[in-house]
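Start at 1 and go down the list; that is how both ligands and their atoms are numbered. Positions are given from 1, in the same order as the sequence printed here. Values reported hereafter were calculated over all heavy atoms of this structure, with side chains retained and with hydrogens, waters and symmetry mates removed.
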Amino acid sequence: MRRPIEEVLQSPEGTEVEVWGWVRNVRRHGKLIFLDLRDASGIVQVAVKGGVAEDSALRVAESLRRESSVKVTGTVKLDERAPSGVEIRCKRIEVISLAEEDYPIRPKIGPKKLYDYRHLHLRSPKIASLMRIRSNLLEAFREFFRSRGFVEINCPSIITAAVEGGSTLFEVNYFGKKAYLTQSVQFYQEAAIFGLERVYSIQPSFRAEKSRTTRHLSEFWHIEAEISFADLNALMDVVEEMVNYVVNRTAETSYREIKSLNRSVRTEEVERPFPRIKYAEALEILERRGVRTYWGIDLGADEERVISTEFERPVFVTHFPKEVKAFYHKVDEEDPRVTLSADLLAPRGNGEIVGGGVRIDRYDQLIERIYQFGLDPKDYSWYLDLRRYGSVPHAGFGIGVERVLKWILDLPHVRTACLFPRTPTRVTP
Ligand code: NSS
């Protein structure tokens, strides 16, 4: 019977075991051959020794190549020289599939090649750990939303009008008509709150952003939520509770994987409350730190880095000027120059992880903003309808999964957090 390697590593000496997996490495010392055998649960050393193993096993072991898939039968031996303290003394080996000789993932392979061969490289325990952490993080988001009465909805990815500005739209030929890949499911969520009040979605968003930074992908996983009757403070409360919960929970559920990556999640960084500053105060910080600014400047990666290093926790920057935010943001009645918007910047220069705010809920105001932005109201007719039939104040936000992982795991680039990243220079594998 097949056993996971994890279980073999816990078994007492002398236990007969059968393990199925992939040969990570072959080391030959004459009539003694060592295999490092990997399955999803771990790695174990297999010793194939003349006199102990069947003759056929020795012949098979001699012919094995890296990444061949095999079934190994043998007994557990405690051996402190083995990397995990345990080895399997092999009796029999059956080859499931012999790998070809030229397995391309070799020592000293460059980073570009590793992404070219991502379909093979993802076998590495490091990437597997990352993917487990990612899976646990998504689970934590779902736990959070469910416990707060949010309903998960799934929205279309093919759309006809921009949510976040036309310059980053990917065009799709939709049966001869022009359509686009979604940048955000926000508008569908705004429709859904009229039936469900609190909704969230976990799905990809697409942005044709040419910017080559460490935090932009062309396709990223976007977690978005929309809440009826929420104002800006209520929105920030939810975001704060959510970030606190998912970071703590992932640190807990992914303890082993985080350790195996030689990382530690700094849970003290998400202790509540998070500071909340207005855009105007952010400009003052920048000026004080010698960064030249002016009213109306959008905060880019450099500015966000400076601001976030002023705080030990994630910091909300609120009340951005109208000009730097999308048309749907509600204007602050107390200061008509600014919107009721909030971005959350992650600590240590990681920059924006959340973007959100209060939406315009009045028809006349929304159509005025659509005209001001040079957009065509026809493209937004169903969105405008929402303001014609029982409109209510509401607010929402979006958070990027890869940016959260980059921040909490100190990754060099958001693409590290993706199984198959999409960037301006990469659409394969
Ligand atoms: O553009 S956002 O700031 N806001 C929205 O899309 C709103 N329509 C969301 C909403 O209110 N429902 O993007 C939100 C977050 C942003 O803070 C990042 O964490 C992430 O989405 N994001 C990205 N991650 C990776 N790559 C790219 N290109 C990217 N763009 C946004």
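- A salt bridge is absent between R289 and E303; no separation between the charged side-chain nitrogens and carboxylate oxygens falls under 4.0 Å.
- Taking atom 26 (N) of ligand 1 as the reference point, the nearest protein heavy-atom neighbour is L217 N, 2.9 Å.
- Proximity to V354 (heavy-atom distance under 4.0 Å) selects the following atoms of ligand 1: 17 (O).
- Using a 4.0 Å heavy-atom cutoff, R359 is listed among the residues neighbouring ligand 1.
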How far apart are the C-alpha atoms of S184 and E224, what are their side-chain angles, what is the distance that settles it, and do they pass the side chain to side chain donor-acceptor pair (under 3.5 Å) test? CA-CA 8 Å; S184 156; E224 293 179 86; 2.6 Å; yes
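- Between I399 and ligand 1, not a single N/O pair is under 3.5 Å apart.
- Atoms of ligand 1 found under 4.0 Å from any heavy atom of Q186, numbered from 1 in the order shown, are 7 (C), 8 (N), 10 (C), 11 (O), 12 (N).
- Within a 6.0 Å radius of CD in E171, other residues, nucleotides and ligands contribute more than 12 heavy atoms.
- Those atoms of ligand 1 with a heavy atom of H216 less than 4.0 angstrom away are 26 (N), 28 (N).
- At a heavy-atom distance under 4.0 Å, no atom of F187 approaches ligand 1.
- Looking at E224, R422, R215, it is E224 that brings a heavy atom closest to atom 12 (N) of ligand 1.
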Please output the side-chain donor-acceptor pairs of residues 190-207 that fall under 3.5 Å, not counting sequence neighbours, one pair per line with the distance.
from : atom 1 : to   : atom 2 : distance (Å)
E190 : OE1    : Y383 : OH     : 3.0
E190 : OE1    : R387 : NH2    : 2.6
E190 : OE1    : H394 : NE2    : 2.7
E190 : OE2    : Q186 : NE2    : 2.9
E190 : OE2    : Y383 : OH     : 2.6
E197 : OE1    : S228 : OG     : 3.1
R198 : NH1    : R148 : O      : 3.0
Y200 : OH     : E152 : OE1    : 3.1
S201 : OG     : I153 : O      : 3.0
S201 : OG     : Q189 : NE2    : 2.8
Q203 : OE1    : C155 : N      : 2.9
Q203 : NE2    : C155 : O      : 2.8
S205 : OG     : Q183 : O      : 3.0
S205 : OG     : H222 : ND1    : 2.8
R207 : NE     : Q183 : O      : 3.3
R207 : NH2    : Q183 : O      : 2.8

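- Relative orientation of the F187 and Y380 rings is perpendicular, given thresholds of 30° and 60° on the angle between their planes.
- Only the side chain of R207 comes within 4.0 Å of ligand 1, judged by heavy-atom distances.
- Heavy atoms of H222 found under 4.0 angstrom from ligand 1 belong exclusively to the side chain.
- The closest approach between a heavy atom of Y328 and any atom of ligand 1 is below 4.0 Å.
- Scanning all protein heavy atoms for the shortest distance to atom 18 (C) of ligand 1 gives R403 NH1, 3.6 Å.
- Taking only nitrogen or oxygen atoms, main chain and side chain alike, E209 reaches within less than 3.5 Å of ligand 1.
- At the top of the distance list for atom 16 (C) of ligand 1, counting protein heavy atoms only, stands E352 OE2, 3.1 Å.
- Not a single donor-acceptor pair under 3.5 Å links the side chain of Y180 to the backbone N or O of G166.
- Set against the non-hydrogen atoms of G396, the atoms of ligand 1 under 4.0 Å away are 11 (O).
- Neither the backbone nor the side chain of V185 has a heavy atom within less than 4.0 Å of ligand 1.
- Within a 6.0 Å sphere centred on NZ of K278, heavy atoms belonging to other residues, nucleotides or ligands number 12 at most.
- A salt bridge links E252 to R249: at least one charged side-chain nitrogen sits closer than 4.0 Å to a carboxylate oxygen.
- In terms of N/O distances under 3.5 Å, ligand 1 is not approached by V163.
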Can I get a per-line list of side-chain donor-acceptor pairs under 3.5 Å for residues 291-300, giving both atom names and the distance, sequence neighbours left out?
from : atom 1 : to   : atom 2 : distance (Å)
T293 : OG1    : E287 : OE2    : 2.7

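- Using a 4.0 Å cut-off between heavy atoms, F397 contacts ligand 1 through its backbone alone, with no side-chain atom that close.
- Looking at atom 15 (C) of ligand 1, its nearest protein heavy atom turns out to be G398 O, 3.6 Å.
- The protein heavy-atom contact nearest to atom 19 (O) of ligand 1 is I353 O, 2.8 Å.
- In this structure, a donor-acceptor pair under 3.5 Å is absent between the side chains of E6 and Q10.
- Between F220 and ligand 1, a contact under 3.5 Å exists for no N or O pair.
- The shortest non-hydrogen separation linking T416 to L130 is O-CD1, 3.7 Å.
- Here is the list of ligand 1 atoms found below 4.0 Å of a heavy atom in G355: 3 (O), 9 (C), 11 (O), 17 (O).
- Classification of D231 and K330 as a salt-bridged pair fails, no side-chain N sitting under 4.0 Å from a carboxylate O.
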Quick one: do Y328 and V163 satisfy side chain to side chain contact (heavy atoms under 4.5 Å, CB included)? Show the steps, please. CA-CA 8 Å; Y328 56 74; V163 179; 4.0 Å; yes
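- Not a single heavy atom of E226 sits less than 4.0 Å from an atom of ligand 1.
- Ion pairing of R65 with E100 is absent here, as no side-chain N (NZ or NE/NH1/NH2) approaches a carboxylate O to less than 4.0 Å.
- For ligand 1, one of its N or O atoms has an N or O atom of E164 under 3.5 Å away.
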